[in-house]
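Let me begin by presenting the structure, written as structure tokens, before commenting on it.
In what follows, every heavy atom counts, from backbone to side chain, and hydrogens, waters and symmetry copies are set aside. Position 1 is the first residue of the sequence; numbering continues from there.
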Amino acid sequence: MASKMGIIGFMRGLANDVASDGITANAILPALTNTRATRDLPEEFKKSIWQQQAIKRFAEPRDISAPVAFLTSDDAAFVTGQALVVDGGQYKIS
């Protein structure tokens with residue numbers, strides 16, 4: 001979690017520094033994603049992760065790439081300094 005907070009702090013500072021040049025800076029905070037690196041994880045581990053999420057599966061690459069595509073599109077031209085959590089409902093504020 002500390003490393004994610006460091007990335008968020010860096011990104012927000014960067015967003016502030018480059019905004020006058022018409023550049024936006026945002027971050028994606030993804031869930032574990034179904035890739036070659038995660039396919040061989042033990043089923044018990046996968047289930048323990050899913051139990052923490054509202055959506056009971058790993059993210060697929062498209063689940064992560066679609067928000068990235070939005071943030072890099074003209075539709076997000078006024079979005080900067082934001083951290084978009086794409087984690088299937090794992091991160092909860094309670």
Would you name the heavy atoms of [X] and [Y] that are closest together and state the gap between them?
X	Y	value
Q90	Q52	NE2-OE1, 2.9 Å
I64	A59	CD1-CB, 4.0 Å
T24	A77	CG2-O, 3.7 Å
K56	Q51	NZ-O, 3.6 Å
A25	T80	N-OG1, 3.0 Å

Counting only heavy atoms from other residues, nucleotides and ligands, does the tally under 6.0 Å from CZ of R62 exceed 12? no

In terms of heavy-atom contacts, does CZ of F10 have more than 12 from other residues, nucleotides or ligands at under 6.0 Å? no

For [Y], is there any backbone N or O sitting under 3.5 Å from a side-chain donor or acceptor partner on [X]?
X	Y	value
T33	A31	yes
D21	I23	no
N26	A83	no
E43	K47	no

Linking Ile, Leu, Val, Met, Phe, Trp and Tyr by side-chain heavy atoms under 4.5 Å, what else ends up with I7? none

Side-chain cluster (under 4.5 Å, hydrophobic types only) that F78 belongs to, other residues: none

Apply salt bridge (Lys or Arg N to Asp or Glu O under 4.0 Å) to the pair D63 and R57, showing each step before the final yes or no. CA-CA 11 Å; D63 295 324; R57 63 174 176 82; 2.8 Å; yes

Are [Y] and [X] co-members of a hydrophobic cluster defined by side-chain heavy atoms under 4.5 Å apart?
X	Y	value
M11	L71	no
V86	L29	no
I28	V85	no

Which residues pass the side chain to side chain donor-acceptor pair (under 3.5 Å) test with N34, sequence neighbours left out? E60

Atom pair CD (Q53) and CG (L32), whose distance is rounded to the nearest 0.5 Å: 7.5 Å

Enter the distance from W50:CH2 to I55:CD1 here, rounded to the nearest 0.5 Å. 13.0 Å

A side-chain contact here means heavy atoms from C-beta on lying under 4.5 Å apart; do L41 and F58 qualify? yes

Tell me, do F45 and T38 make a side-chain contact under 4.5 Å, heavy atoms counted? no

